[in-house]
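To start, the structure under review is shown below, and the notes come after it.
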2 protein chains.
Amino acid sequence: MKFNATNVRASASAADLIFEALREAIFTGEIRAGEHLRQDALADMFNTSRIPVREALSRLEQQGLVKTERYKGTTVTSLSVDEVREIFEFRALLEGEVIRYAVENMDDETIEKARRACDAFATETDSARYGELNRDFHYALYAKAERPYHLKIVSQALDRIESYLRAQLVLTDGMERARREHMGILNACSSRDADKAVALTRAHILGASESLIQFLQTRDSAK
Amino acid sequence: MKFNATNVRASASAADLIFEALREAIFTGEIRAGEHLRQDALADMFNTSRIPVREALSRLEQQGLVKTERYKGTTVTSLSVDEVREIFEFRALLEGEVIRYAVENMDDETIEKARRACDAFATETDSARYGELNRDFHYALYAKAERPYHLKIVSQALDRIESYLRAQLVLTDGMERARREHMGILNACSSRDADKAVALTRAHILGASESLIQFLQTRDSAK
DNA sequence: ATATTGTAGATTGTATCCAATTTTATGTTA
DNA sequence: TAACATAAAATTGGATACAATCTACAATAT
């Protein structure tokens, strides 16, 4: 595991940088579930003391991405299939409601913005950027819901499963289906059909869930 | 602001204790919105160094209860009326879904447990304990939903508005209405009527929201 | 009188060191 | 060889000390 300082913002504290670097490393799978993270090893990697490392780990722990036990260390948490399923159910409920609010306030400018994000998603070939571009599309629409608290909770839930989504996309071809489903959601929003947008959003999420769970089960039984 | 060590668990770290003490002090209103919390002052109060204080503040910040700015300090956050309204909308959505899952799995033992919690809520005269007993009742039912992630998010949302709920209950008499509504929800669960339980839960939450918002508006305009 | 500059205090962020406990390695004995 | 006791290493939690920056107030120049 290595880190460079190219993608940092100068105004952020060391703890912020370490937090984001570790978070991204967990997302990409560079740090795998179950792996041990030792504070002084991380401090050496980032050329800091353990203090900002501890703060970063504390934040990750609160988001559920790692778990720390005194005298033992910090390990990256893994989700059971049931936990993954529950989080997708949660997303379907919440994002369905959010898209309903969004359609209420929808305007042409937002539609255009979402269309561009949809195109960017469709034309991107690097599956590692799936998560980012997927969020760009959905958030372009969700922004119009004007429900900042809801959106923060959506982000939390997405973070929790991001590493699993990326692991799947390296091996499977869900992007083509996602692209089609995005188009459908966009069209429903464009025609101000709230019920349809909700139904398609829920189906989009629950379909991804089934696909991911199947992927996890075949992967785990293969071992 | 003073703290004693009577309500501590021996196994918890200093950071845990400080976190819970500050959290409770925010809930009770002992620490008010806008108030500045300085690290070394807190360290003196708790007879520790600033290190565990910082960790406690970091956790509070991620829950949205405080906000820290470098060189300036930490202040307790306040919610606008719009933010309060949104969180109640969020709760209605989420807790409605949770009670639906719960009714699916409902059994008589859970009903009895919830009935006892309902009675305890109804007979308690100390309004300061409203929050705790209210949660006891709802969680007794929600536990049967078997959706730990959903419940964690419900808790987060409740924490965010707990101080506002308590401030209201010192001055108004929402407890009698809450008691009646709890009875209704309990009966709906007892008769396994999921739709009714959902509707009553949503109405319970949205009614409390209206009541609280009205309270906040009259209080703020009175100044 | 007003604007500007400088200085001291206040406040958070980080480094270094110490304490407490678990885990692992080592040695001893049956 | 196996079991057990003991010591050494590893690891996190916390205390103390230092660095960086903001704020407030005073001093000074215009």
Side-chain angles (χ1 to χ4, degrees), chain A residues 1 3-5 7-23 25-26 31-77, chain B residues 1 3-5 7-23 25-26 31-77:
Chain A
M1 181 173 44
F3 299 99
N4 56 21
N7 55 347
V8 306
R9 296 162 315 188
S11 64
S13 69
D16 291 337
L17 302 180
I18 297 170
F19 169 73
E20 298 209 2
L22 290 177
R23 183 170 167 272
I26 291 171
I31 308 177
R32 294 184 187 178
E35 189 166 336
H36 279 70
L37 303 176
R38 295 191 209 84
Q39 291 178 3
D40 48 3
L42 293 172
D44 288 346
M45 286 183 199
F46 290 103
N47 279 317
T48 67
S49 74
R50 282 169 45 221
I51 298 288
V53 170
R54 284 175 49 179
E55 184 170 332
L57 290 176
S58 165
R59 286 191 227 170
L60 292 171
E61 180 160 23
Q62 284 173 67
Q63 302 201 355
L65 293 174
V66 304
K67 183 165 177 56
T68 297
E69 284 177 295
R70 190 169 189 181
Y71 311 125
K72 295 192 175 177
T74 302
T75 56
V76 178
T77 56
Chain B
M1 181 173 45
F3 298 99
N4 55 21
N7 56 347
V8 307
R9 294 163 316 187
S11 62
S13 70
D16 291 337
L17 303 180
I18 297 170
F19 169 73
E20 297 208 5
L22 290 177
R23 182 169 168 274
I26 292 171
I31 308 176
R32 294 184 187 179
E35 189 166 337
H36 279 70
L37 302 176
R38 295 191 210 84
Q39 292 178 3
D40 48 4
L42 293 172
D44 288 346
M45 287 183 200
F46 290 102
N47 279 317
T48 68
S49 74
R50 281 170 46 223
I51 298 287
V53 169
R54 286 171 54 84
E55 183 170 336
L57 291 175
S58 165
R59 288 191 225 169
L60 291 170
E61 180 159 21
Q62 278 181 60
Q63 300 202 357
L65 294 174
V66 305
K67 184 167 177 54
T68 298
E69 284 177 296
R70 191 171 188 177
Y71 310 126
K72 295 191 175 177
T74 302
T75 56
V76 178
T77 56

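Residue numbers begin at 1 in each chain, while the letters A, B, ... track the order of the sequences. Quick caveat, the model's predicted, so the values are computed rather than measured.
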Would you tabulate the nitrogen or oxygen pairs shorter than 3.5 Å linking the protein to nucleotides 15-18 of chain D?
unit_1  : atom_1 : unit_2   : atom_2 : d
dA15(D) : OP2    : Ser49(B) : N      : 2.7
dA15(D) : OP2    : Ser49(B) : OG     : 2.8

DNA chain C: 5'-most and 3'-most nucleotides touching chain B, 4.0 angstrom heavy-atom criterion
dT11(C) to dT14(C)

Just N and O in the side chain of Gln39(A): are any of them under 4.0 Å from OP1 or OP2 of dG13(D)?
yes

Contact list please: residues 69-76 of chain A against DNA chain C, heavy atoms, distance less than 4.0 Å, in numerical order.
Tyr71(A), Lys72(A)

Work out which heavy atom in Thr77(A) is nearest to a heavy atom in Ala33(A); give both atom names and the distance.
O-CB, 3.9 Å

Give every donor-acceptor pair under 3.5 Å between a side-chain atom in residues 40-50 of chain B and any protein atom, sequence neighbours left out.
unit_1   : atom_1 : unit_2   : atom_2 : d
Ser49(B) : OG     : Ile51(B) : N      : 3.3
Arg50(B) : NE     : Gln39(B) : OE1    : 3.0
Arg50(B) : NH2    : Gln39(B) : OE1    : 3.0

Residue pair Ile31(A), Leu22(A): steps toward the side chain to side chain contact (heavy atoms under 4.5 Å, CB included) verdict:
CA-CA 8 Å; Ile31(A) 308 177; Leu22(A) 290 177; 3.9 Å; yes

His36(B) NE2 to dA24(D) P: how many Å, rounded?
10 Å

Sequence neighbours left out, cut at 3.5 Å: what donor-acceptor pairs do the side chains of residues 57-68 of chain B make with other protein atoms?
unit_1   : atom_1 : unit_2   : atom_2 : d
Arg59(B) : NH1    : Asp16(B) : OD1    : 2.9
Arg59(B) : NH2    : Asp16(B) : OD1    : 2.8
Arg59(B) : NH2    : Glu55(B) : OE2    : 3.1
Glu61(B) : OE2    : Thr68(B) : N      : 3.2
Thr68(B) : OG1    : Thr74(B) : OG1    : 2.8

What is the distance from CZ of Phe46(B) to P of dG13(D), rounded to the nearest Å?
19 Å

What are the two closest non-hydrogen atoms of Ala56(B) and Ile18(B), and how far apart are they?
CB-CG2, 3.7 Å

With distance as the sole test, does Glu35(A) use its side chain to make a donor-acceptor pair with the main-chain N or O of Arg32(A) at under 3.5 Å?
yes

